[in-house]
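This report concerns only the one structure given below.
Because only heavy atoms are used, hydrogens play no part in the values below, and waters and symmetry mates are left out as well, while side chains stay in.
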Amino acid sequence: MAISHGTSLVLGCHQTVQEAIQLFSEHGIAAVDVVDEHGRSVGRCTWRMLLRAIAKEMDRMALIGDVLAAFSMDGKTEPKEDSMETSDGEGDSGAAAELERLRRELEETHRLAETMKTVLDAAYEGVVVVDGNGMVREINRAYCQFLGIRREDAIGKHVTEVIENTRLHICVQSGIPERGYIQKIYGQPMVVHRIPIWRDGKVIGAVGMLIFQGVSEVYAIFQRLQELSREASRKEKNEAEASKQEAVASAAVGVERIIGRHPTIAAVKQMIRRAARVPSTVLITGESGTGKEVVARAIHEAGAHADGPFVSVNCAAIPEALLEAELFGYEDGAFTGAKKGGKPGKFQLAHGGTLFLDEIGDMPLAMQAKILRVLEEKKVEKVGGLSETEVDVRIIAATNKPLEEMVRDGTFREDLFYRLNIIRIHLPPLRERKTDIPALLAHHMERLCRQFGVVSKSFAKEAMEVLINYSWPGNIRELVNVVEWLISMVEGENIEREHLPAYLSTIQPSVTPMPDGGANIADRWKEIVYQSERERIAAALVAANGNKAEAARRLGIHRSTLYEKLKKYGF
């Protein structure tokens, strides 16, 4: 590295800053003379000069002669105090320490460079790196093998002399990346990327990558992807059909559908059990989203008509002109546009089962009279028909409107109201049974995570406080929507307060008093969920006479999940 003049060491002006740092570190010196190609002294290089060069971010491959010229002062390479300081023992010690640090940094740089070279050479894709002038600074083994050249023959040459039809030098000039371009090399179309390298707002070079060994390989990969896609579609279709059948077989039934331990819900469950024992008409009232159809299905599944169909009709969703035909059916040619051969009505479809008339309060008065006649005579007559058909149907009606007031106002028939209002079940809004909110959140979180195939999430105490204090104007329907939103939006397994939709915190909380010390529901929410789920499992086991497969079906969970919960709760 150093040029030896007798017993002294000198640096050649053609040597680099990097070589000077290594010389200073190896020999523990603080200064050295610099000579030209003829051996004549042209100046003196000190450790301070090297530190200044590094501080000014000079390239370590810069020549020592250039460093001397940059830091010369009135023709001198260093001020006198530098040489005085280097003779001082303390100065020498500091210089040696600094040079030792630079030596370690240089070694680390060498190791990193070797690592990067190993990675490049191990890569299947061809990689070439050019500087701001389009000169090749690095090229890996894969590219050299493809081009049939040696690395030494490519380094230092302009990229156009090495790679045919390249635009890498143009990429350096424009600063625009070119991804997935076709480039002909030796007459063969290739897929390449050209990516500019930016530093301090300027393009200092570019990286070229030969992604595939020819376009034919792209087509082969595309064909493999198509085949994999077809296989995945077939598998997904088969799994979806199996999942659908399993979901139908394992849907929660009867009173197990109802989640909650609040006294009002306990009373509702008791009413469901009693109503299921008799065929009387049931009227379910409550705000929108409180689960009226869930209660109707629970009555159907626990009653004598459980083996028959459950048919649901939303009276508010069907236009008045079509409601009669939808409920009673119609004969062939009964009206313009009627389906050929006619169509059975909902009453006939529900024969031997249950007909659920949702939003009965929105039914027109004319239709109310016909419904009353069917309830009393158990017969229906199709639109355009001449004969009546007997039907064995249990009627369950539901509404979120005050029917008593509508009767007084004349917008709902009094005789139909009394015919429907034999067994009355009122569902409380969610804000009036806040102690059930944790159990409902946990149940629907587990159900939807299982349905979507994701890991179940848990609520932090602060998040649960917000959810309990929220008024839930949309009731359980809104709660389920919030849970589905959280499953979709939250990445981790823990749901914190900041993950909740903003409106849950901005809307004023409900002022409905909460029983059982409602202020600490959030503190006890895990205990509440534990007790609620344990009671549901125990009730399902009792209803299934200890049959675990039947209990799992009634709970709407897999048998393996039930076994895990039985172990968890110590059954």
Side-chain angles (χ1 to χ4, degrees), residues 1-117 129-138 151-158 199-200 202 204-205:
M1 179 190 297
I3 301 172
S4 178
H5 278 202
T7 59
S8 63
L9 295 173
V10 295
L11 277 171
C13 61
H14 61 281
Q15 292 183 269
T16 64
V17 171
Q18 184 170 307
E19 291 174 326
I21 292 172
Q22 192 167 348
L23 175 68
F24 276 49
S25 299
E26 289 177 355
H27 296 278
I29 58 179
V32 67
D33 289 329
V34 181
V35 298
D36 61 14
E37 61 272 16
H38 303 294
R40 295 191 297 263
S41 177
V42 294
R44 190 167 176 79
C45 178
T46 68
W47 66 271
R48 276 199 166 190
M49 186 180 296
L50 296 178
L51 291 179
R52 290 178 186 174
I54 294 171
K56 290 183 176 295
E57 298 183 352
M58 291 186 67
D59 191 343
R60 293 195 180 189
M61 301 306 294
L63 301 181
I64 288 297
D66 296 337
V67 174
L68 289 176
F71 292 104
S72 63
M73 301 177 64
D74 299 328
K76 300 177 182 179
T77 58
E78 281 286 302
K80 293 180 180 180
E81 43 271 30
D82 271 346
S83 59
M84 291 172 61
E85 184 174 334
T86 58
S87 64
D88 183 80
E90 184 177 349
D92 290 343
S93 176
E98 182 62 24
L99 289 173
E100 176 63 21
R101 185 188 68 79
L102 292 173
R103 185 185 66 79
R104 290 195 298 269
E105 185 179 333
L106 181 62
E107 290 179 352
E108 181 63 27
T109 303
H110 284 166
R111 282 195 295 270
L112 180 61
E114 288 299 320
T115 301
M116 294 303 298
K117 188 175 185 304
V129 181
V130 301
D131 61 17
N133 296 317
M135 310 300 290
V136 176
R137 292 303 177 193
E138 190 57 74
R151 178 177 179 275
E152 295 77 12
D153 296 334
I155 299 296
K157 290 185 178 179
H158 196 271
R199 181 184 296 171
D200 299 329
K202 295 181 179 179
I204 62 169

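- The two residues Ile64 and Leu50 make their nearest non-hydrogen contact at CD1-CD2, 4.4 Å.
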Can you check side-chain contact (heavy atoms from CB on, under 4.5 Å) on Val130 and His158, steps first, answer last?
-> CA-CA 8 Å; Val130 301; His158 196 271; over 6 Å; no

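- Listed here is the closest heavy atom pair of Val35 and Val10: CG2-CG2, 4.1 Å.
- With rounding to the nearest 0.5 Å, the separation of CZ in Arg137 from NZ in Lys157 is 14.0 Å.
- With hydrogens and angles ignored, the 3.5 Å screen pairs a side-chain donor or acceptor of Asp36 with a backbone N or O of His38.
- The two residues Trp47 and Phe24 make their nearest non-hydrogen contact at N-CE2, 3.4 Å.
- The side-chain contact (heavy atoms from CB on, under 4.5 Å) test with Arg44 singles out one residue from Val34, Asp33, Leu11, and that residue is Asp33.
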Determine, step by step, whether Leu63 and Cys13 satisfy the side-chain contact (heavy atoms from CB on, under 4.5 Å) criterion, reporting the C-alpha distance in whole Å, the side-chain angles of both residues, the deciding distance to 0.1 Å, and the verdict.
-> CA-CA 7 Å; Leu63 301 181; Cys13 61; over 6 Å; no

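- Considering CD1 of Ile155 and CD of Glu138, their distance stands at 5.0 Å, rounded to 0.5 Å.
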Can you list the steps and then say if Thr46 with Met49 is a side-chain contact (heavy atoms from CB on, under 4.5 Å)?
-> CA-CA 5 Å; Thr46 68; Met49 186 180 296; 3.7 Å; yes

